[in-house]
Protein chains: 2
Amino acid sequence: MVARCSVDYVGRLTAHLPEATRVIMVKADGSVLIHSDGGSYKPLNWMSPPCTTRIVSSDAEETVEVWTVENKAGEQLVISVHEVLHSGEHELGVDPGLVKDGVEAHLQRLLAMHVHVLGEGWSLVRREYPTAIGPVDLLCRDPYGRSVAVEIKRRGEIDGVEQLTRYLELLNRDPLLAPVAGVFAAQEIKPQARVLAEDRGIRCVVLDYEALKGSDDPGLRLF
Amino acid sequence: MVARCSVDYVGRLTAHLPEATRVIMVKADGSVLIHSDGGSYKPLNWMSPPCTTRIVSSDAEETVEVWTVENKAGEQLVISVHEVLHSGEHELGVDPGLVKDGVEAHLQRLLAMHVHVLGEGWSLVRREYPTAIGPVDLLCRDPYGRSVAVEIKRRGEIDGVEQLTRYLELLNRDPLLAPVAGVFAAQEIKPQARVLAEDRGIRCVVLDYEALKGSDDPGLRLF
DNA sequence: CGATTGATTTCGGAC
DNA sequence: GTCCGAAGTCAATCG
């Protein structure tokens, strides 16, 4: 529907949209999206499913109908429709969904197959090495048999370094593994993350996804 | 537009949508959104502005037209339209935008006005107390004149505890302030965050936004 | 312009 | 069902 409307949301926060012309989309699962003619993919206001909509005709001067969308938690989206410019309904059916490539899991799998790019003679102990606070992406051994924990990110930021630090602290309590060194590997490493990592003795490695993917002779960039 | 279509995205990742009926929305700024009849407000696929769309009529058997949406970075969204079920265009005009209430800045302001809810006889030194790695939300003093750094979140999670820990480490190097205690205040504190905080001697406080907002006699819940 | 941080984040996976 | 980490995160703020 395209309509002149004003909207109020009361739930996790309180928000108000003054009167303007907008697109109101209602999906098969009951969710409601209110879009303006700009911005990115995020609606100005919305209600996530599951939720139910109650529509009441209004006899007020300036309002045609009032939609009240509510979910189980009692959050409410109240849409005052002042003028309907277009309205339509379409049956879409179930969507087969999106197929992705290039995310962290792929990076992890690729690097696991090519741990030698981290250093000459390195070997993989295992992927998703378990610890009490969660699995380490890769556990490796260098040629001298020393353990190295590897944390892989698409974009390396401070919280990734913190995560690896917590793993290292835990792993180093294990006398069978200690001492365990750390490697922070990512397609891109933010300066502050690099500073923090190196301050803690963690080596930073920038990964080239296309090179890892494309060949058994990866032209990996090591900085 | 409502259309049977298939979509390919090549950019920061590679993604493919098999043929299905979907809603294609083009905004005034050129951005394109492809929605299915479910999920939440996030489209299945999209292109953010600024970007340009080139539409080419197709003489292929099963395709009416092919849309190529491209941005400055060279990321491409290619939409093969197989059948158009509905098409329409509407001028919406500029949107006055959303007015919000209830976010972290409000929490910080409210707690700053009512630091006594953290403890009898506490006082505020200042909001946004500056440190080398960024401002601490609140710096307070308890009745004995000891410094307390307060980190405020809407939802308290592990990274918030890490953030406060870094501040405390820095603040405790300042002989004029040390020793500095820590308080982690949030409307909701996740169990893992609470465990980590208390392990580090940081006190956790659950805030009641409505009570803080509603009265000078806040019925604050302290756990 | 990059870096940091919050978001009604949403989304998916594991336990 | 809950918790936790990733996201084509996006978007605002600040240096």
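Each chain gets a letter, A, B and so on, in the order the sequences are listed, and its residues count up from 1. Values reported hereafter were calculated over all heavy atoms of this structure, with side chains retained and with hydrogens, waters and symmetry mates removed.
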D/dG8, OP1 or OP2 - any side-chain N/O from A/K100 closer than 4.0 Å?
yes
Taking CD from B/E128 and C1' from D/dG15, how many angstroms apart are they, rounded to a whole number?
14 Å
Quick check for you: among D/dG8, C/dT5, C/dT8, whose closest atom lies nearest to any side-chain atom of A/E157?
C/dT5
Taken to the nearest whole Å, CD/B/E104 to P/C/dG6 is 5 Å
Would you call B/R22 and A/D95 a salt bridge, using N to O less than 4.0 angstrom?
yes
Can we say B/K153 and B/E151 salt-bridge, meaning some charged N sits less than 4.0 Å from an Asp/Glu carboxylate O?
yes
Considering only heavy atoms, which members of residues 37-46 of chain B lie under 4.0 Å from some atom of DNA chain D?
B/K42, B/N45, B/W46
Could you give the distance separating D/dA11 and C/dC11 at their P atoms, to the nearest angstrom?
16 Å
Interatomic distance, B/E75 CD vs D/dA7 P [rounded to whole Å]:
15 Å
Please give me the minimum heavy-atom distance between A/R155 and A/A186, naming the atom from each residue.
C-CB, 4.3 Å
Is the shortest distance from a Lys or Arg side-chain nitrogen in A/E198 or A/R200 to a carboxylate oxygen in the other one below 4.0 Å?
no
I need the CD-P distance between A/E188 and D/dA6, as an integer number of Å.
15 Å
Can you tell which of D/dG8, C/dG6, D/dG5 lies closest to the side chain of B/M47?
D/dG8
Rounded to whole Å, NE2 of A/H106 lies from C1' of C/dG12 at a distance of 13 Å
Check: B/H35/A/K27 side-chain N/O donor and acceptor closer than 3.5 Å
yes
Suppose we define a pair by two distances each less than 3.5 Å, Watson-Crick or G-U wobble; what does C/dG12 pair with here?
D/dC4
Taking all atoms of both residues into account, what is the closest heavy-atom pair of B/R12 and B/Y9, and its distance?
N-OH, 2.9 Å
Between D/dG8 and C/dT5, how far apart are the P atoms? Round to whole Å, please.
22 Å
How long is the line joining CZ of A/R127 and C1' of C/dG13, in whole Å?
14 Å
Look at B/E162 together with A/R166 and state whether they make a salt bridge at an N to O cut-off of under 4.0 Å.
yes
In whole Å, I'd like the distance from the NZ atom of A/K153 to the C1' atom of D/dG5.
7 Å
Mapping A/I158 and B/R155 to their closest nucleotides on DNA chain C, which lands nearer the 5' end?
A/I158
Testing D/dA6, C/dT8, D/dC3 for proximity to the side chain of B/L98, the answer is C/dT8
Just compare C/dT5, D/dG8, C/dT8 and give me whichever is closest to any side-chain atom of B/S48.
D/dG8
What's the NE2-P distance between B/H16 and D/dG8, to the nearest Å?
17 Å
